[in-house]
Structure formats: structure tokens, C-alpha cells
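Report on one structure; see the data block that follows.
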There are 2 protein chains.
Amino acid sequence: MTKTPAKSWQAIQAEVTRRINTRIWPPGEMLPNEIDLAVEFGCARTTVNRALQALADKGVLERRRKAGTRVALNPVRKVVLSIPIIREEIEQSGAGYGYQLINAQKLPAPPAICDALQTPAGTKAYSVKALHLAGGKPFVFEERWVNILSVPTIQTADLAKMSANEWLVQNAPFSRGTLSFSAIIADEALAKHLTCPVGSALFCLERGTWNGEQSITRARLYYGPGYKMETSI
Amino acid sequence: MTKTPAKSWQAIQAEVTRRINTRIWPPGEMLPNEIDLAVEFGCARTTVNRALQALADKGVLERRRKAGTRVALNPVRKVVLSIPIIREEIEQSGAGYGYQLINAQKLPAPPAICDALQTPAGTKAYSVKALHLAGGKPFVFEERWVNILSVPTIQTADLAKMSANEWLVQNAPFSRGTLSFSAIIADEALAKHLTCPVGSALFCLERGTWNGEQSITRARLYYGPGYKMETSI
DNA sequence: CCGAATTTGTCCGTATGTATA
DNA sequence: TTATACATACGGACAAATTCG
């Protein structure tokens, strides 16, 4: 019988995690039901429930009514990734943050963008290109298209003073979005903006946002060579 | 006055989200305290608490005792990313999954690996190289080092039948890990394994795991050119 | 610097709803 | 259909953190 150090749902979470890690409950194993665990830990069932639910949210446990709770066969599935705010990320590294608008203009959007923004082919959209600098050196090149049907007022915003991202956060709500990561080769334009060799491998973060069915914007952030996005499990 | 459709913490979560999205509560705005919200929604404070806590977990709200609850200034900070199990990802795309062990042997680990595995420089470690195939074509090249001081038994495992990842999941528990994403240029070796041109940009996922203070393994997964890791917000 | 007031965090015990084997 | 196990709710209570005077 294991000593029960428990108190508070976080302690229970820790103890359950320990048992999983030490294979007392190996992958696929069924756990005792909440009532039994509550008795063992000497707490209310609601407290056990809270702990197990949190672990299920993390993907460590799988729970189904009537079927019970089991240790997930494939752990490490869900990770909470904190998307760094570029400015904060740079300032935390100790370097000074700089922002530089390259250009902002209404342009006929390329087909791929019209598709992404769900506007008819050939529609004009607002193109914004900007650079985020760390210690005066290029850190991220931002390439953004804004749907002027959804957010017409962006055309009058002074994007030299406030980044498009900040402006949108304050002026254009969104309800959902997509996020993707990929690797891309630096072409001449990218290499010039980031002052890196043509052919470098760049980490690319692409984000699209919608408000209901209306598309708002689609942005690509190209990080300089060698960038790593890190998180812990 | 808004109609309160509330019932269940999820409904409250939805209503709060709606108010944030429609700028009834813009970024930075303070929310009423839990008690007042409970009165407005006609439910118990614990129910409100659950809803707001869930939103705080998502990074939508920021909460502090006594200070209260406010809408986060920078939304979209925390994202739950589901790291796809390679086999599942391939099978879901409709292609057949294949696994191919390239080699597995005890080798003196390069300094960077010894550093990552926290073993003395020049220590031997177990090197595993393998390929995951989708529809018979290379999809991911896996390059792994396993700490044989922590997991000596891996040397007797038949890694041609079971992938190192699967074997470790079943045989070597870990308590914490790191995860990073980056972009890398395909050198000749990588290009050969993935049958892609030298100089391609590859998406690279790097994972390190520990059990307490003991390092277990460090793996790099190189995805073929054009791969995108996607998620939604 | 300290105490008081406020707000969230967590707990308990109970009750009822709901999916499912 | 029924029994089981999880999901959620309620209200009361106290703890902990932090702001503010």
C-alpha cells in the first residue's frame, strides 16, 4: 500500500502522474473508479474528478462514462504551446526590440491568398510587410494580407507606429483561427529582408483568423536561420 | 441587457467568449467578479469559476486573486498542439504506414549528444536511425540517441519489429521532456534517406525526455519537404 | 510596514444528469 | 433495460494571494 501524501487536486494529479511514470499503472491500464480513489486519497470525489479531468485534458488519461479511466496508450500527444509574442520574446532575450514597416498597400491578392481569405479571385486586399528586429538585426519578416471587406479601416491605420498585429488585436475581433508551422527555403526577397544567404532554411509560422465566417487576415512569419521554437512537456 | 442562455460551465464559457469577441469586454478589460457573474448567470459561483479557469488555461483571461479577472491583452498565446503519432498521421491520410530500421548500434556519442544526454564526453550511447514511410515513400527520418546508462535493455530490443519510440513508451517511463521545432537544410545524408534534393528545407521536431534527473533519449524527426504541422485555435 | 478588505483558489458533501457497456 | 462510472451542478466554507489604506 502506498502512502497517500494527497491533499488538493494538484497533489492527486502528481501522485497519479507518479504512478503512471513508475509503471504502477502502465499504458492502457484501467484506474480504480473515482469513488475508490477518493477513499484511498481521503478526499471528496469531486477533488479526484478535478485531478483526473486535468490529466485527461493533457492527454495522459482517457476517460469514458461507464467504461472508466485508463492510462492513454500514446502519451505526449497534447502539448500546450505558448506562441511567443515577438516583442516579448526579443525583449526577454535581452536584445532591444525594433519594428520597421516595409510597406502597406492595397493590392490585387494572388489566387492563393484570395482562396485563403475566401474572397473572389482577383479581389484586392491590404498587403502589409514588416520586419521585427532584435538588437537592430532582422529577426522575423512578416508578410500579411488583410481582408478589406472585413476590416476596411485598416487602410487608414498608421502601421508604421503600431504593428498590424497589435492594431488587429485591438480593432478586429476574431473567433477562431488556424496555425501551422513549416520549413521553407529563403528566396532572394526573403534573404534580402532577413539579411541571410539565399537557400537558408527558415522556420515559418502561418496564421489565419476568422470572425465567424468572415476571414480577417492571413499572416506568415519567417524567422531567421537557426530559430527554434521551444516548449516543455 | 443580454439574455443569459447559461447553464453549465461550458455555456458560460461560450457567453464570456462571445462578449470578448464582440468587444463588449475588449482586451485589457476587467470582468465583474465571480459572485456578480454568478448572480447574472443564475448559477453557483463554482460554476462561473470553472468556466473562467478554463479560459485562463487557454490564455484568454488573466486572473489574480484580489486583482480580479481581465481579458488578456495578447490573445492566442497558448495553443494546445496535438503532436501527431506518425503512424496515425500517415494512416489517417489514407496512405499505408511503413517502418524501416536503418541501423541501431552502440556508438561514441558526439559532444552535443553527450551534453544533451548529460553523460560524460565520449560516452557511448545507442544510436538508432529509422525511416517512417507513407505509401512506401519516405515521410520522416528519425535520428535517435538513447542513454544506455538509463535504459541498457534497449540494446537487446528488436527495433526492426517495433519502433524505438514504441519500445521506449512501453519500457522506459519519463516524467518530463522538451520539444522544439526548427527548419533545417537537407544535407546529403538526409537527402538520401528522404529521397529529396540536397538543400531542401526540412521541418525538424526535436524531443528530449527525462525521468527525474536521468536523461532517457533525444530524438530528431526530419519531415520531408513541404510538410506542415497544423493546428487550430 | 502592517492590517484589512477583496477576489480568486480549493475543498467538501450531496444530488442529479448522461453516456454506455 | 439496467447498472455503472463519469460529468456537472449547488452552496457553504475556508485558505491564500494581493491590493490598498
Side-chain angles (χ1 to χ4, degrees), chain A residues 3-20 25 27-73 75 77-78 80, chain B residues 3-20 25 27-73 75 77-78 80:
Chain A
K3 191 79 188 302
T4 65
K7 210 70 217 250
S8 99
W9 68 271
Q10 312 220 20
I12 294 175
Q13 198 189 42
E15 170 62 11
V16 171
T17 304
R18 189 188 68 80
R19 293 189 189 181
I20 292 171
W25 291 332
E29 180 89 352
M30 291 294 303
L31 269 62
N33 72 32
E34 294 183 349
I35 296 176
D36 292 347
L37 285 175
V39 170
E40 181 191 339
F41 290 128
C43 67
R45 190 176 79 83
T46 45
T47 307
V48 173
N49 183 280
R50 180 127 181 64
L52 298 189
Q53 272 196 41
L55 287 172
D57 280 345
K58 286 192 197 172
V60 176
L61 295 178
E62 287 172 3
R63 322 190 73 201
R64 269 160 57 213
R65 288 168 151 130
K66 165 75 178 179
T69 302
R70 63 167 55 215
V71 181
L73 281 173
R77 287 222 344 248
K78 292 180 184 173
V80 176
Chain B
K3 191 79 190 302
T4 64
K7 212 68 219 252
S8 99
W9 67 272
Q10 312 219 21
I12 294 174
Q13 197 190 43
E15 171 61 11
V16 171
T17 303
R18 188 188 69 79
R19 293 187 189 182
I20 292 171
W25 291 332
E29 180 89 352
M30 292 293 304
L31 269 63
N33 70 35
E34 295 183 347
I35 297 176
D36 292 347
L37 285 175
V39 170
E40 181 191 338
F41 290 128
C43 67
R45 186 176 79 90
T46 45
T47 308
V48 173
N49 183 281
R50 181 129 179 66
L52 298 188
Q53 273 196 41
L55 287 172
D57 280 344
K58 286 191 196 173
V60 175
L61 296 177
E62 287 172 1
R63 324 190 72 203
R64 269 160 53 213
R65 286 167 155 142
K66 165 76 177 180
T69 303
R70 64 168 56 216
V71 181
L73 281 173
R77 285 207 357 236
K78 293 180 185 174
V80 177

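A, B, ... follow the sequence lines: proteins, then strands. Residue 1 opens every chain. Below, all heavy atoms of this structure are taken into account, side chains as well, without hydrogens, waters or symmetry copies.
Between B:Arg50 and B:Gln13 there is no side-chain heavy-atom pair separated by less than 4.5 Å. Put simply, the side chain of A:Trp25 does not reach to within 4.5 Å of the side chain of A:Met30, judged on heavy atoms. In this structure, A:Leu37 and A:Leu52 have side chains that are in contact, with non-hydrogen atoms separated by less than 4.5 Å. Contact of the A:Thr17 side chain with the A:Val60 side chain is not registered, since no non-hydrogen atoms from C-beta on lie closer than 4.5 Å. Using a 4.5 Å heavy-atom threshold, the side chains of B:Arg70 and B:Arg63 count as separate. When side chains are defined from C-beta on, B:Leu61 counts as touching B:Ile20, because their heavy atoms get closer than 4.5 Å.
Between B:Asn49 and C:dG9, a side-chain N or O to OP1/OP2 separation shorter than 4.0 Å is present. Under 4.0 angstrom from either OP1 or OP2 of C:dT10 there lies at least one side-chain N or O belonging to A:Gln10. The side chain of B:Thr46 places no N or O atom within less than 4.0 Å of a non-bridging phosphate oxygen (OP1 or OP2) of D:dG11. Checking the phosphate oxygens (OP1, OP2) of C:dC12, a side-chain nitrogen or oxygen of A:Thr47 falls inside 4.0 Å.
Two residues, A:Val48 and A:Arg45, neighbour DNA chain C, and the one matched to the more 5' nucleotide by heavy-atom proximity is A:Val48.
For the residue pair B:Asn49 / B:Gln53, a side-chain donor-acceptor distance below 3.5 Å is found, with atom types taken as modelled.
A salt bridge between B:Arg19 and B:Glu40 is present, with a side-chain N of the basic residue lying under 4.0 Å from a carboxylate O of the acidic one. A salt bridge between B:Arg65 and B:Glu34 is absent, with no side-chain N of the basic residue lying under 4.0 Å from a carboxylate O of the acidic one.
Closest to the side chain of B:Gln53, out of C:dG9, D:dA5, D:dG11, is C:dG9. Across D:dA7, C:dT10, C:dT8, the shortest atom-to-atom separation from the side chain of B:Arg63 is found for C:dT8. Counting only heavy atoms from C-beta on, B:Ala44 has its side chain closest to D:dG11 among D:dC6, D:dG11, C:dT10.
Atom pair A:Arg50:CZ and C:dG13:C1' shows a separation of 17 Å (rounding to whole Å applied). Remark: P of C:dT7 and CG of B:Leu37 are 12 Å apart, rounded to the nearest angstrom. One atom, CZ of B:Arg70, and another, P of C:dT6, lie 19 Å apart when rounded to the nearest Å. If you measure from atom CE of B:Met30 to atom P of C:dT6, you get 14 Å, rounded to the nearest angstrom. In this structure, CZ of B:Phe41 is placed 12 Å from P of D:dC10, rounded to the nearest angstrom. At whole-Å resolution of the value, CG in A:Asp36 and C1' in D:dA5 are 11 Å apart. Between the CG atom of A:Asp57 and the P atom of D:dC6 there is a distance of 15 Å, given to the nearest Å. Atom-to-atom, CH2 of B:Trp9 to C1' of D:dC10 comes out at 17 Å; the value is rounded to the nearest Å.
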- Query: For DNA chain D, what dot-bracket results from Watson-Crick or G-U pairs at under 3.5 Å, with [ ] for crossers and | for inter-strand partners?
  - Reply: .||||||||||||||||||||
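Once rounded to the nearest 0.5 Å, the distance linking CD of B:Glu62 with CG of B:Leu55 reads 12.5 Å.
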Please list, for nucleotides 18-21 of chain C, all pairs of protein and nucleotide N/O atoms separated by less than 3.5 Å.
| unit_1 | atom_1 | unit_2 | atom_2 | d |
| --- | --- | --- | --- | --- |
| C:dT18 | O2 | A:Arg65 | NE | 3.3 |
| C:dA21 | OP1 | A:Arg64 | NH2 | 2.2 |

